[in-house]
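Written below as structure tokens is the structure these notes are about.
In what follows, chains carry the letters A, B, and so on, assigned in the order in which the sequence lines appear, proteins first and then strands, with residues in each chain numbered from 1.
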There are 2 protein chains.
Amino acid sequence: MQKAKRLPVIEKILTETFISSQDELLRKLKAKGISCTQATLSRDLRQLGVSRVPDGSGGYRYSLVEKNTSPAERETKLHIISVISEIVEAKGLLLVKTIPGNANATAFYIDNAGRNEIAGTVAGDDTILVIPRDGISRKQLHTCLEIILPGLHERLKKS
Amino acid sequence: MQKAKRLPVIEKILTETFISSQDELLRKLKAKGISCTQATLSRDLRQLGVSRVPDGSGGYRYSLVEKNTSPAERETKLHIISVISEIVEAKGLLLVKTIPGNANATAFYIDNAGRNEIAGTVAGDDTILVIPRDGISRKQLHTCLEIILPGLHERLKKS
DNA sequence: TTGCCTTTTGCATATTTATGCATTATTTTT
DNA sequence: AAAAATAATGCATAAATATGCAAAAGGCAA
């Protein structure tokens, strides 16, 4: 149950440093006061969509897909987060409210996060309906949301 | 030394099918009449820059970076190949001749292939000088070339 | 709260992948 | 052509990663 705490930290470490094994990541985490086992890490990395890619000089490194996106795209993420006013859960769906006129861009962003927890989205002018795939629990949906748009958790209201 | 034969086949298999382990790839290769061990495959995949990425539903798949490039980019590759008229080796360097006016685009393409065998390129109007990094043998350079622009091997002239 | 259900986690281990070393093939040099 | 250097490959095994299972930790409803 420190998973919610752990995932963002892992993401941060991966964007900032060159990690070439899970054990190495394990040590970095421990240095930041978070401790778990390699088994847990393996599961976390899979959930985060982290891939292991040849580093071009005989080794490997773990890479967040996000790291492959352009600076402009990373900018977008911050923008999107700033434009969301509220998130509400209803009937197993997620209602994301944005400031007027921003729903489409936000929905597009969510769609393109490539998360298989999400079946699709429907956007109006300032509201997006996020439809989870069958079999996805609320918990899983929350974690997914936290991965796509970190920090939003706090703005989430229960219905 | 069927490596030159093997690499393109591996690339093809990876773009066409969903491979989730080296053993699986090994079997597909065998089915195509190419046989080697998993050890060799491991080395091949590293050389090709193939990464293993979470498939979004609990498993993994091997993915050629190329597969992540847009259709437009793949189009470019074919275009580039069609525009190259001749390749000559000289003093450990590669002289790539294109039809007039196409050297820059081609050089750009080669640079962006992200191959660490290549230190850099210099392009004129219809000629590109490809400079290999120190310690890269001719053989390695050839294999590298074959990876970036398959099929060019045949157009390569010894100096 | 109590009991029930879901999620997270670790442990031990299976599975998968990488690699040191020796051998053979290939290329380059003399 | 012979010798020397480099590259490719397999074997055996090390190293790294994934996972079944059981235990612990929440979460939720009555």
Got a list of side-chain donor-acceptor pairs under 3.5 Å for residues 27-36 of chain A, not counting sequence neighbours?
none

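A side-chain contact (heavy atoms from CB on, under 4.5 Å) with A:D126 is found for exactly one of A:T98, A:I99, A:V96, namely A:T98.
Taking the side chain as every heavy atom from C-beta outward, A:I148 and A:L145 never approach each other to under 4.5 Å. Side-chain contact between B:L45 and B:L25 is present, with at least one heavy-atom pair separated by less than 4.5 Å.
In terms of phosphate contacts, A:R52 brings a side-chain nitrogen or oxygen within less than 4.0 Å of OP1 or OP2 of C:dA18. Contact between the side-chain N/O atoms of A:R6 and the OP1/OP2 oxygens of C:dT9 is found at a separation under 4.0 Å.
Shown here are the side-chain hydrogen bond (donor to acceptor under 3.5 Å, both in side chains) partners of A:D111, two or more places apart in sequence or in another chain: A:T121. Listed by chain and number, the residues in a salt bridge (charged side-chain N to carboxylate O under 4.0 Å, His left out) with B:R43 amount to none (sequence neighbours excluded). B:E24 is linked by a side-chain hydrogen bond (donor to acceptor under 3.5 Å, both in side chains) to B:S20, counting only residues two or more places apart in sequence or in another chain. In this structure, the salt bridge (charged side-chain N to carboxylate O under 4.0 Å, His left out) partners of A:R115, at least two apart in sequence or on a different chain, are A:E117. Partners of A:L129 under the side chain to side chain contact (heavy atoms under 4.5 Å, CB included) rule, at least two apart in sequence or in another chain, are A:L93, A:L95, A:V122, A:I131. Evaluation of the side-chain hydrogen bond (donor to acceptor under 3.5 Å, both in side chains) rule for B:Q2 yields no partner, not counting sequence neighbours. Shown here are the salt bridge (charged side-chain N to carboxylate O under 4.0 Å, His left out) partners of A:R6, two or more places apart in sequence or in another chain: A:D44.
A side-chain donor-acceptor contact under 3.5 Å links B:T15 to the backbone of B:K12. In terms of modelled atom types and a separation under 3.5 Å, the side chain of B:S85 and the main chain of B:K97 share a donor-acceptor contact.
The nearest whole Å value for the distance from the CG atom in A:D55 to the C1' atom in C:dA18 is 14 Å. B:L7 has its CG atom 15 Å from the P atom of D:dA7, to the nearest Å. With rounding to whole Å, A:L45 atom CG is found 8 Å from D:dA18 atom P. Nucleotide C:dT6 holds its C1' atom 12 Å from the NZ atom of A:K3, rounded to whole Å. Remark: P of D:dA8 and CD of B:Q47 are 7 Å apart, rounded to the nearest angstrom. Atom CG in B:L48 sits roughly 13 Å away from atom P in D:dA8 (whole-Å rounding). In this structure, B:L41 atom CG and D:dC11 atom C1' are separated by 16 Å, rounded to whole Å. Distance A:R61 CZ to C:dA18 C1': 19 Å, rounded to the nearest Å.
Crowding of B:F108 atom CZ: a count of heavy atoms from other residues, nucleotides or ligands under 6.0 Å not exceeding 12.
Residues from residues 21-34 of chain B that place a heavy atom under 4.0 Å from any atom of DNA chain C, listed by number: B:S21, B:Q22.
Among C:dG10, D:dT17, C:dT17, the nucleotide with an atom closest to any side-chain atom of A:Y62 is D:dT17.
Of the residues near DNA chain D, A:S20 and B:D44, the one whose nearest nucleotide (by heavy atom distance) lies more toward the 5' end is B:D44.
Each end of the helix from C:dT1-D:dA30 to C:dT30-D:dA1 gets its own rotation axis from five pairs of C1' atoms, and the angle between them is 40° to the nearest 10 degrees.
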Distances under 3.5 Å between nitrogen or oxygen atoms of protein and nucleotides 19-22 of chain C:
residue, atom, partner, partner atom, Å
C:dT19, OP2, B:R46, NH1, 2.8
C:dT19, OP2, B:R46, NH2, 2.6

Could you go over nucleotides 26-30 of chain C and give all protein N or O partners under 3.5 Å, atom names and distances?
residue, atom, partner, partner atom, Å
C:dT28, OP1, B:R138, NH1, 2.9

